[in-house]
> 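Handing you a structure now.
Owing to the predicted nature of the structure, the values given are computational and were not obtained by experimental measurement.
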Amino acid sequence: MNLLIVDDEELTRQGLRTALDWNVLGITEIREADDGVNGLAMALKHHPDIILCDVRMPRMDGITMLERVHSHLPDTSIIFMSGYSDKEYLKAAINLKAVTYIEKPIEPEEIRQALIRAIAQRGEKMRQQNAAEAHTNLAATRLAHALTMPYPTCQALVDDLCVQFRQYYGSDKFKYLTTFIVRLEHIARQTLDYSDLYEQLRLYLRPMHLHIIYSEKQLFHIIYHIYGTIPPSGSTLTLIADKIHSLFASYGRRYIAVGETAEGLRNAYHSYQSAVILLQNCFFFEADCTLTYEMIKDYPPIDMDAFNGAVADYRNALSSHTKARIYDALDHLQSACMQVRDLMPNQVKTIYYDLFSLLYQTRKAEKLPPDFPLETIMDLLEHCFSFSTLHTMLKSKTDAYLNDRANASTDNAVICLIRDYINQNYSDPSLSVKDISACVNLSASYVCTYFKAETGATLNQYITEFRMEKAKQLLSDPRYKINDISAAVGYNDGNYFGKSFRKHTGLTPSEYREKILNRNEVIHEIAAPPEDKL
C-alpha cells in the first residue's frame, strides 16, 4: 500500500516517517506534501491508498483538499490530524468517512493503531471492489456471448445481464453497436491474455466515447461488441480495426471482420451475423486484412461452370504432361476460385484434395517417389488459413512433380509418347496395342514388354486405369448420363463398362455417383446459417 502525508510542518512529516516501522505495516511507498494544494495534486497523480492529513494548512486547508480528493478517489482511507478539536472539523471528518481524528501532539502508538484500522478498511474495500469487478466482468462476457444469438431467443437473458451490468449499462449507451470478430490462424494459450488486450482496447476507445464488451468462440475467434450513443463513422471503424490488428500483431496471421452497425440491443445480432458472413469470405483474401460489407457487396454471382471448367483444365493439363499448359491451368484455376468467393472454404479444400490425390496417383503411375503421404494431405488442407496458402501448396507440389518427372531417368521419351497417345485417344473404343506400337515405331511385343518393365503395369492395365479415372471425374457431374460416360471413356458396351468399373473401384457407376453426390451434399451443409458457424 502507499501513503500520502500532508502537513505544512516539516518536523511533523519527518517525525511520522521515523516513528513507525512502515514495512511491518505493509506500507511500501510514502510521499509528502507541504500544503493542501500540493497534497491535492499529488493525490490525483499517485492515487494513495491512505492519506494522513493535517487540518489547518496554508493555501488550502485539509478539509477542502480531502473533499476534492474524495470526489475523485472515494475509496481512499483518510486519517485527520489537528492541534484543534473544533466540532466543525469533527463533522467534516465524519462526512468524509475518515478512519479517525487524531489530536496533536501525536502519539506514535495512536497513529499506528489508526493506520492498522485504515489498512484493514482499505483491504476490505479492495476485496469488495474486486468482487464487484469480477461480477461485472462475468456479466459483460455473458452479455457479449448472448448478443451472438437472435434477440427473441435470449431477450430475458439479455435484460437480466444488463441489470447486472448497470455500472456501465444505460439505455442510451447501447444505442449503436458494431461487432468486430478476430479470427486467428494459431493461438498460444499461455501467452495470449484476452483481458489485457480488452483493457488496452477499452482505454483506446474511451476518448471516442465508445465502450466495449467481448467474448470468445471456437478457440480461434474473439468477438468484440463496440457500442456508444452515436453511430461510428467509417474512419472510426477503420481506426479501431487497425488498433486491433496492432494488438494481435505478435500472435500470428489474422482476419478482422467488421459487422454492419446496428441500432439498439434488439438488433445487435444483425451486426454479429453480418460479421460472420464476412468471415465466410475471408478465406479468399490475403491474411491480416480487415473485411467490411463494402468490400463484397458488389461481387458478381458465382459462375460455377467457369469454376468447374478450371478444375477440369488442370486435370487435363496434368495428363498432357505439357509444362506450359499445366501452369496456364494453375493460373486459370486460381483466377476462377477468386471469382467464386461465396463458396465455403471447405468446399474448395475438398476440390483441392481431389487434385492433390490426382497428383499423388500420377506420381505413383509414373513410378516417381511420393513427395508427401496422401493421408496427411487432408490435415494440411484443414490448416490452410487462406486460399493463397492452399493454391501455393498445390503449385509447389505440381512444381515438384514436374521437376521429378524431368529428372527421372526411367521416364524416357518412349514412355512419354505412349502415355500422351493414350491421353489423346482413350475415348476410342478401338484403341489397341497395335495402334500404340505404330505411334512409337516399335513392334507390339516389344512395346508391351518395355512398358511393363519401365512402369510395372501392362499397357492394357494402364489404359483401363486411365479410362476409369476419367470415368470417375465425369461421374462426379450429375449432368452426364452413365451411358454417355461409358462411350466417352471408350466403351461401346455399357454393361461391360459397369463390370470393369466395379472391378476397379468396388462400386457400380451408380453407387459411385451416389457416394460422390452425398459427399457434396455434406459439403453444402457446412454452409449452415451464420449463427451456427461461430
> Does any non-hydrogen side-chain atom of T362 lie less than 4.5 Å from one of L358?
yes
> Restricting to non-hydrogen atoms, name the atom on S486 and the atom on D493 that form the minimum distance, rounded to 0.1 Å.
OG-O, 4.0 Å
> Nearest 0.5 Å, please: how far is OG in S443 from NZ in K434?
13.0 Å
> Taking all heavy atoms of R363 and all of Y401, pick out the closest pair and write down the distance.
NH1-CA, 3.1 Å
> What pair of heavy atoms forms the shortest contact from K452 to T458, and how long is it?
CD-N, 3.8 Å
> What's the separation between atom OG1 in T290 and atom CD1 in I240, rounded to the nearest 0.5 Å?
11.5 Å
> Any chance you could measure Q424, atom CD, to S319, atom OG, to the nearest 0.5 Å?
9.5 Å
> Give the intermediate values and the outcome of side chain to side chain donor-acceptor pair (under 3.5 Å) for residues H332 and Y314.
CA-CA 8 Å; H332 183 199; Y314 177 77; over 6 Å; no
> For the side chain of R513 and the backbone of L475, is there at least one donor-acceptor N/O pair under 3.5 Å apart?
yes
> Evaluate the side-chain proximity of S215 to Y224: yes if any heavy-atom separation is below 4.5 Å, no if none is.
no
> For the side chain of T505 and the backbone of L507, is there at least one donor-acceptor N/O pair under 3.5 Å apart?
yes
> So does E286 have more than 12 non-hydrogen atoms from other groups sitting under 6.0 Å from CD?
no
> Taking E260's backbone N and O only, do any of them form a donor-acceptor pair with S271's side chain (distance below 3.5 Å, no angle check)?
yes
> Go through the steps to decide whether M393 and Y352 satisfy the test side-chain contact (heavy atoms from CB on, under 4.5 Å), and finish with yes or no.
CA-CA 10 Å; M393 187 162 66; Y352 268 66; over 6 Å; no
> For the atom pair NZ (K499) and NZ (K503), what is the distance rounded to the nearest 0.5 Å?
11.5 Å
> Please determine whether side-chain contact (heavy atoms from CB on, under 4.5 Å) holds for the pair I181 and Y255, giving the CA-CA distance in whole Å, both sets of side-chain angles, and the decisive distance to 0.1 Å.
CA-CA 8 Å; I181 304 179; Y255 291 108; over 6 Å; no
> Side chain of D420, backbone of L417: donor and acceptor closer than 3.5 Å?
no
> Checking the side chain of T322 only, and the main-chain atoms of R325 only, is there a donor and an acceptor separated by less than 3.5 Å?
no
> Quick one: does F385's side chain get under 4.5 Å of R183's, heavy atoms only?
yes
> For V158 versus A146, what's the shortest heavy-atom pair and its separation?
CG2-CB, 3.9 Å
> For T238 and S235, which I'm curious about, is there any donor-acceptor pair between the side chains at under 3.5 Å?
no
> I would like to know whether T464 and H504 meet side chain to side chain donor-acceptor pair (under 3.5 Å); could you show each step before the answer?
CA-CA 9 Å; T464 300; H504 182 74; over 6 Å; no
> T398 vs S396, test: side-chain contact (heavy atoms from CB on, under 4.5 Å). Steps then yes/no.
CA-CA 5 Å; T398 304; S396 173; over 6 Å; no
> So which atom in F497 and which in V489 form the shortest heavy-atom distance, rounded to 0.1 Å?
CE1-CG2, 3.9 Å
> Would you call the rings of Y446 and Y450 parallel, tilted or perpendicular if under 30° counts as parallel and over 60° as perpendicular?
parallel
> When you measure from the side chain of R202 to the backbone N and O of I213, does any donor-acceptor pair fall under 3.5 Å?
no
> To the nearest 0.5 Å, how far apart are NZ in K395 and CG in L390?
13.5 Å
> Nearest heavy-atom pair of A268 and L147: which atoms, and what distance?
CB-CD2, 4.0 Å
> Does Y151 have its ring centroid less than 6.0 Å away from the ring centroid of Y269?
no
> Closer than 3.5 angstrom, by distance alone: can the side chain of N281 be matched with the main-chain N or O of I277 as a donor-acceptor pair?
yes
> For the atom pair CZ (F248) and CG (L184), what is the distance rounded to the nearest 0.5 Å?
6.0 Å
> Give me the ring orientation class for F284 and F387: parallel if the planes are under 30° apart, tilted from 30 to 60°, perpendicular past 60°.
tilted
> May I ask you to test the F180-I226 pair for a side-chain heavy-atom distance under 4.5 Å?
yes
> For the residue pair T229 / H209, report whether a side-chain donor-acceptor contact shorter than 3.5 Å exists.
no
> Examine distances only and state if a side-chain atom of K175 and a backbone atom of G264 form a donor-acceptor pair shorter than 3.5 Å.
no
> Indicate yes or no: at least one non-hydrogen side-chain atom of H221 is less than 4.5 angstrom from one of V182.
no
> Hey, are the side chains of C154 and M149 touching, using non-hydrogen atoms and a 4.5 Å cut-off?
yes
> In the structure I gave you, are the side-chain heavy atoms of T179 and Q273 within less than 4.5 Å of one another anywhere?
no
> Could you go step by step and tell me if K472 and F501 meet the side-chain contact (heavy atoms from CB on, under 4.5 Å) rule?
CA-CA 9 Å; K472 286 196 287 185; F501 190 88; 3.7 Å; yes
> Side-chain contact test, heavy atoms from C-beta onward, threshold under 4.5 Å: evaluate it for R254 versus D288 and give yes or no.
yes
> Is a side-chain N or O of K349 found less than 3.5 angstrom from the main chain of C384, in a donor-acceptor match?
yes
> Applying ring pair (Phe, Tyr, Trp, His ring centres under 6.0 Å) between Y426 and each of F466, Y421, Y491, Y462, report the one that passes.
F466
> Under a 3.5 Å distance rule, please check whether N267 uses its side chain to pair with a backbone N or O of E263 as donor and acceptor.
yes
> Within the 3.5 Å criterion, strictly below it, is a donor on T389 or S386 matched to an acceptor on the partner's side chain?
yes
